Engineer: 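One structure is given below, represented as structure tokens, and several questions about it will come after.
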Amino acid sequence: MDIEGLDIAVLFPSRGLSVLTLPGLEPRFAAAIARAYNDWMYDFCQGDPSRLLGAGMISVYDINDAVQETHRAVEELGFKSVFIRSNIVNGRNWHDSYYEPLWTALETLGVPLAFHEASGSRSHQTAEHFDPNFGLRRIYAQPFEQMLGLGSFAAGGVFARHPGLTVA
């Protein structure tokens, strides 16, 4: 980090970013994946915990698991944020009332939710229209899915219902 001139870094997965994108994934298994990743990230950040900040992985296949892991990631592991993919993985738009307990928990904890998107997903993405050209898919997947997530929060009323919620 010193060589690159980085003072601090918030860390997200690379290859693991697509692990929770399979529609219909068994909720307990998905929650176990998120916990295992967060445990690994915590250990990784111990190399320099003042400069390496993990973003906790949250599984939304069961909202109670998501809330529980959010609390664990912040209160026990000390993460400064949690993340989800912006594309829909379980058939519910982000403004669906199903997610209200998670938005409330994040607002109460005072930690931001980070949307992190990628070109590959086992859930549908807008960029599928450009298959098999991965270059075009990459151009559209990340910004379009991020815009869809933000639109759901802004136009779907999440920000109005949770004025203290921070989303990146």
Side-chain angles (χ1 to χ4, degrees), residues 1-90 94 99 101-123 125 127 134-135 137-139 141-150 153 158 162 164-168:
M1 291 175 61
D2 292 334
I3 292 171
E4 297 293 327
L6 299 174
D7 296 324
I8 197 165
V10 178
L11 305 174
F12 295 89
S14 53
R15 184 76 174 137
L17 193 55
S18 294
V19 71
L20 294 179
T21 63
L22 184 64
L25 193 60
E26 200 278 317
R28 286 183 37 201
F29 180 60
I33 290 170
R35 282 192 308 274
Y37 170 82
N38 291 338
D39 290 343
W40 174 85
M41 178 58 76
Y42 173 81
D43 290 343
F44 183 83
C45 291
Q46 294 315 294
D48 192 343
S50 66
R51 297 176 71 191
L52 299 172
L53 306 179
M57 178 184 284
I58 301 302
S59 166
V60 296
Y61 293 90
D62 180 291
I63 198 62
N64 295 321
D65 291 335
V67 170
Q68 183 178 1
E69 187 61 14
T70 295
H71 278 281
R72 188 180 84 89
V74 173
E75 296 169 342
E76 294 178 29
L77 303 179
F79 290 171
K80 305 299 184 203
S81 68
V82 297
F83 79 91
I84 54 177
R85 292 284 299 261
S86 53
N87 58 306
I88 305 301
V89 298
N90 63 2
W94 298 118
Y99 295 108
L102 180 57
W103 309 151
T104 298
L106 289 165
E107 191 175 29
T108 300
L109 290 167
V111 296
L113 170 69
F115 275 132
H116 194 307
E117 194 49 48
S119 302
S121 175
R122 292 173 284 175
S123 292
Q125 288 181 306
F134 186 76
R137 183 176 181 145
R138 187 175 220 24
I139 289 169
Q142 295 177 8
F144 277 23
E145 293 298 321
Q146 298 288 63
M147 288 190 285
L148 291 170
L150 177 60
F153 269 70
V158 177
H162 300 277
L165 180 62
T166 305
V167 178

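For the numbers below, each heavy atom of this structure counts, side chains included, while hydrogens, waters and symmetry mates do not. All of these numbers come straight from a predicted model, not from anything done at the bench. Quick note: residue numbers are just sequence positions, from 1.
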Engineer: For E107, I'd like to know if atom CD has over 12 heavy atoms of other residues, nucleotides or ligands within 6.0 Å.
Structural biologist: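 Enclosed.
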Engineer: State which residues pass ring-ring contact (aromatic ring centres under 6.0 Å, His included) with F83; sequence neighbours excluded, sorted by chain then number.
Structural biologist: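 Residues passing ring-ring contact (aromatic ring centres under 6.0 Å, His included) with F83: F12.
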Engineer: List in chain and number order the residues that pass side chain to side chain donor-acceptor pair (under 3.5 Å) with D65, two or more places apart in sequence or in another chain; answer none if no residue qualifies.
Structural biologist: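 Once residues adjacent in sequence are excluded, D65 has no partner under the side chain to side chain donor-acceptor pair (under 3.5 Å) criterion.
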Engineer: Counting N and O atoms only, with roles assigned by atom type, does the side chain of W94 sit under 3.5 Å from a partner on the main chain of S86, one being a donor and the other an acceptor?
Structural biologist: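 Yes, W94 side chain to S86 backbone: donor-acceptor pair under 3.5 Å.
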Engineer: Is any side-chain heavy atom of E75 closer than 4.5 Å to a side-chain heavy atom of L109?
Structural biologist: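 In short, these two side chains touch, coming nearer than 4.5 Å.
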Engineer: Can you check whether T166 reaches L113 side chain to side chain, under 4.5 Å on heavy atoms?
Structural biologist: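 They are not in side-chain contact.
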Engineer: For the atom pair CG (L106) and CD1 (I58), what is the distance rounded to the nearest 0.5 Å?
Structural biologist: 7.5 Å
Engineer: For a quick test of reading the model, state the closest non-hydrogen atom pair linking S59 to A66 and the distance between them.
Structural biologist: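 That would be O-CB, 3.2 Å.
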Engineer: I want to check something: taking the side chain as every heavy atom from C-beta on, are D48 and M1 in contact at a cut-off of under 4.5 Å?
Structural biologist: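 Result no, sub-4.5 Å side-chain heavy-atom pair not found.
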Engineer: Keeping the roles fixed (side chain from D62, backbone from P27), state whether a donor-acceptor pair exists under 3.5 Å.
Structural biologist: no
Engineer: Using side-chain heavy atoms (C-beta onward) and a distance below 4.5 Å, is Y37 in contact with L20?
Structural biologist: no
Engineer: Once rounded to the nearest 0.5 Å, what's the spacing between atom CG of L102 and atom OG1 of T70?
Structural biologist: 5.0 Å
Engineer: If you count the non-hydrogen atoms of other residues, nucleotides and ligands that lie under 6.0 Å from CZ in R51, is the total more than 12?
Structural biologist: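 Yes, the 6.0 Å shell around CZ holds more than 12 heavy atoms from other groups.
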Engineer: Would you name the heavy atoms of M41 and G54 that are closest together and state the gap between them?
Structural biologist: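 Where M41 meets G54 most closely, the heavy atoms are CG-CA, 3.7 Å.
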Engineer: So, do V67 and H71 sit near enough that their side-chain heavy atoms are less than 4.5 Å apart?
Structural biologist: yes
Engineer: Any idea which heavy atoms bring A73 and G56 closest together, and the distance?
Structural biologist: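 Nearest pair, atom of A73 first, then G56: CB-CA, 4.5 Å.
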Engineer: For the atom pair CG (N38) and CG (D43), what is the distance rounded to the nearest 0.5 Å?
Structural biologist: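 Answer for the CG-CG pair, N38 versus D43, is 11.0 Å.
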Engineer: Please report the interatomic distance CD(E26) to OH(Y61), rounded to the nearest 0.5 Å.
Structural biologist: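 Here the rounded value is 11.0 Å.
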Engineer: Do F153 and F115 make the cut of ring centroids closer than 6.0 angstrom?
Structural biologist: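 Yes; F115 has its ring centre under 6.0 Å from that of F153.
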Engineer: One pair to check against side-chain contact (heavy atoms from CB on, under 4.5 Å): Y99 and V158. What are the steps and the verdict?
Structural biologist: CA-CA 9 Å; Y99 295 108; V158 177; over 6 Å; no
Engineer: Which residues pass the salt bridge (Lys or Arg N to Asp or Glu O under 4.0 Å) test with D39, not counting sequence neighbours?
Structural biologist: R72
Engineer: Write down the atom of I8, the atom of S50, and the distance for their closest heavy-atom approach.
Structural biologist: CD1-O, 3.7 Å
Engineer: Go through E76 and Y42 one step at a time and tell me if the side-chain contact (heavy atoms from CB on, under 4.5 Å) criterion holds.
Structural biologist: CA-CA 10 Å; E76 294 178 29; Y42 173 81; over 6 Å; no
Engineer: When you compare the side chain of E69 with that of V82, does any pair of heavy atoms fall below 4.5 Å?
Structural biologist: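 In short, these two side chains do not touch, never coming nearer than 4.5 Å.
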Engineer: Taking the side chain as everything from C-beta on, heavy atoms only, tell me whether L11 gets closer than 4.5 Å to C45.
Structural biologist: yes
Engineer: Do E4 side-chain atoms and L6 backbone N/O form a donor-acceptor pair below 3.5 Å?
Structural biologist: no
Engineer: Would K80 and V10 count as a side-chain contact (heavy atoms from CB on, under 4.5 Å) here? Give the steps.
Structural biologist: CA-CA 9 Å; K80 305 299 184 203; V10 178; over 6 Å; no
